[in-house]
Amino acid sequence: MPNPLSPAAIALIPARSGSKRVTDKNIRPLRGHPMIAYTIRAAIDSGIFQRVVVSTDSAQYAEIARHYGAEVPFLRPAEFSGDRSPDVEWIGHALQSFAQEERHFDCFSILRPTSPFRLPETIRRAWAEFLAQEGIDSLRAVEKCAQHPGKMWVIRGSIMTPILPYFNGETPWHSSQYAALPEVYVQNASLEIAWSRVLESGTISGNTVCPFLTRDSEGVDVNNEGDWQYVNYLLENQTIALPLIDAIAFSGELPV
């Protein structure tokens with residue numbers, strides 16, 4: 001159960017139905033359950049949140065989410081459900097809908113279904129780090145870059161230029177050894193936590209963002225067919241673990 005002395009927090013799980021890279025990826029079966037189930041159960045079992053809510057534009061997704069214990073008090077409007085709709089729109093819609101019912105939350109956490117290996121312990125660790133920081137607007141999950149952006153280029157016509165035109169002394173980053181480059185981190189889909197007030201600035205993160213370093217498989221993201229093959233290989237070889245689900249498997253139709 002959430003600590004009554006802690007800030008009131010809501011978990012928001014985005015699950016629009018219009019994925020183009022992998023159709024219905026949020027509810028695609030993964031080890032006997034739709035992928036979204038692992039995020040729902042991790043959120044509930046973390047004991048952090050007053051409410052665990054799925055924001056979806058699909059009645060089918062809503063049925064699946066409720067089966068695994070999430071709330072779906074409304075469907076997301078179509079104008080907030082496109083593949084280019086910014087997160088601030090659907091989050092604002094969700095929190096405003098609750099505010100109309102006199103339900104207010106100090107914080108919100110975004111937990112994306114494409115990151116099914118985030119555990120309840122992951123969420124609790126992030127929550128503790130978020131509360132321990134003073135003067136921040138939000139916390140965001142990151143991991144060390146596998147490929148350094150100092151080695152990346154933009155091509156325009158027949159000419160390319162480095163994304164990061166920085167130098168080590170007189171040596172450009174793109175011509176430096178990896179060991180000489182500063183560590184750079186990339187965000188992953190594991191989680192975000194923010195004070196609700198940040199939405200007033202038109203963003204979901206504000207200006208002062210605290211890093212949350214994910215460990216091992218916590219930040220693994222499943223977005224395309226290659227990702228599916230990779231995570232199934234890891235699961236088959238027992239080198240990666242999903243959150244436990246004590247609910248019976250959803251019996252309705254799921255995508256293959």
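Between Leu139 and Trp195, every side-chain heavy-atom pair lies at or beyond the 4.5 Å cut-off. Side-chain contact between Pro7 and Leu131: present, with at least one pair of heavy atoms (C-beta onward) separated by less than 4.5 Å. Side-chain contact between Ile204 and Glu192 is present, with heavy atoms from C-beta onward closer than 4.5 Å. Two residues are said to be in side-chain contact when any heavy atoms from C-beta on lie closer than 4.5 Å; Ile10 and Val53 meet this criterion. A 4.5 Å side-chain heavy-atom check between Tyr166 and Pro172 finds every atom pair outside the cut-off. The shortest side-chain heavy-atom distance between Leu254 and Ile64 falls under the 4.5 Å cut-off. Within the 4.5 Å cutoff, no side-chain heavy atoms of Leu164 are placed close to those of Pro162. Under the 4.5 Å side-chain criterion, counting only non-hydrogen atoms from C-beta, Ile123 is in contact with Leu111.
By the rule that hydrophobic residues join a cluster once side-chain heavy atoms approach within less than 4.5 Å of another member, Val209 and Val142 end up as members of separate clusters. No path of Ile, Leu, Val, Met, Phe, Trp and Tyr side chains, each step under 4.5 Å between heavy atoms, connects Ile159 with Val154, placing them in separate hydrophobic clusters.
The backbone N or O of Ile248 lies less than 3.5 Å from a partner atom in the side chain of His67, making a donor-acceptor pair. A distance-only check finds no donor-acceptor pair linking the side chain of Ser175 to the backbone of Thr171 [under 3.5 Å]. Panel note: side chain Asn237, backbone Thr239; no donor-acceptor pair is recorded below 3.5 Å. In this structure, the side chain of Ser138 engages the main chain of Ser205 through a donor-acceptor pair within 3.5 Å. A donor-acceptor contact shorter than 3.5 Å is absent between the side chain of Ser115 and the backbone of Arg118. Remark: side-chain polar atoms of Ser196 are paired, donor with acceptor, to backbone N or O of Asp106 under 3.5 angstrom. Judged by distance alone, with hydrogens and angles left aside, the side-chain atoms of Thr203 form no donor-acceptor pair with the main-chain N or O of Leu199 at under 3.5 Å. Side-chain N or O atoms of Arg66 include one that pairs as donor or acceptor with a backbone N or O of Val72 at under 3.5 Å. Of the possible polar contacts, none joining the Glu143 side chain to the Thr214 backbone as a donor-acceptor pair under 3.5 Å is found. Using modelled atom types, no side-chain atom of Arg140 and backbone atom of Ile193 make a donor-acceptor pair closer than 3.5 Å.
Pairing each heavy atom of Phe130 with each of Cys107, the nearest pair is CE2-SG, 3.8 Å. Looking at every heavy atom in both residues, Ile91 comes nearest to Ile110 through CD1-CD1, 3.3 Å. The shortest non-hydrogen separation linking Pro149 to Ile163 is O-CB, 4.4 Å. Residues Tyr68 and Pro34 share a closest heavy-atom pair of OH-CD, 3.3 Å. The two atoms that bring Asp57 and Ala15 nearest to each other are OD1-O, 4.2 Å, heavy atoms only. The two residues Gln147 and Met152 make their nearest non-hydrogen contact at O-CE, 3.6 Å.
With respect to the salt-bridge test (charged N to carboxylate O, under 4.0 angstrom), the residues Asp221 and Arg112 do not qualify. Salt-bridge annotation for Asp24 and Arg28: absent, with no side-chain N of the basic residue lying under 4.0 Å from a carboxylate O of the acidic one. Comment: Glu200 does not engage Arg197 in a salt bridge, judged by the lack of any side-chain N to carboxylate O separation of less than 4.0 angstrom.
Annotation: side-chain hydrogen bond (donor to acceptor under 3.5 Å, both in side chains) contacts of Trp127 (sequence neighbours excluded): none. Among residues two or more places apart in sequence or in another chain, the side chain to side chain contact (heavy atoms under 4.5 Å, CB included) test is passed with Ser58 by Ser17, Thr56, Gln60, Tyr61. With sequence neighbours left out, the ring pair (Phe, Tyr, Trp, His ring centres under 6.0 Å) criterion links Tyr233 to no other residue.
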side-chain contact (heavy atoms from CB on, under 4.5 Å) between Cys145 and Val186, intermediate numbers included: CA-CA 6 Å; Cys145 282; Val186 61; 3.7 Å; yes
Evaluate the criterion side-chain contact (heavy atoms from CB on, under 4.5 Å) for residue pair Arg125 and Glu129; output intermediate values, then yes/no. CA-CA 6 Å; Arg125 193 173 84 250; Glu129 291 186 20; 3.9 Å; yes
Checking side-chain contact (heavy atoms from CB on, under 4.5 Å) for the pair Leu242/Leu119: CA distance, chi angles, key distance, verdict? CA-CA 7 Å; Leu242 288 160; Leu119 302 172; over 6 Å; no
Walk me through it: do Glu218 and Ser190 pass the test side chain to side chain donor-acceptor pair (under 3.5 Å)? CA-CA 7 Å; Glu218 291 175 334; Ser190 180; over 6 Å; no
Could you check Val222 against Leu30 for side-chain contact (heavy atoms from CB on, under 4.5 Å), going step by step and ending with a plain yes or no? CA-CA 11 Å; Val222 183; Leu30 184 65; 5.6 Å; no
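Taken to the nearest 0.5 Å, the CE atom of Met160 stands 8.5 Å off from the NE2 atom of His174. Separation of atoms CZ (Arg103) and CZ (Arg51) is listed at 4.5 Å; rounding is to 0.5 Å. With rounding to the nearest 0.5 Å, the separation of CZ in Phe117 from OG1 in Thr122 is 12.0 Å. The line from CG of Leu95 to CG of Leu12 is 6.0 Å long, rounded to the nearest 0.5 Å. The distance from atom CZ of Arg76 to atom CZ of Arg16, rounded to the nearest 0.5 Å, is 8.0 Å. Distance check: His33 NE2 to Ile27 CD1 gives 15.0 Å after rounding to the nearest 0.5 Å.
The environment of Leu244 atom CG is sparse: at most 12 non-hydrogen atoms of other residues, nucleotides or ligands sit within 6.0 angstrom. Under a cut-off of 6.0 angstrom, the local environment of CZ in Arg215 is sparse, with at most 12 non-hydrogen atoms contributed by other residues, nucleotides or ligands. Around atom CD of Glu236, more than 12 heavy atoms belonging to other residues, nucleotides or ligands sit under 6.0 Å away.
In summary, the aromatic rings of Phe74 and Phe98 are positioned with their centroids under 6.0 Å apart.
Under the 3.5 Å distance criterion, with hydrogens and angles disregarded, a donor-acceptor pair is assigned to the side chains of Arg31 and Asn232.
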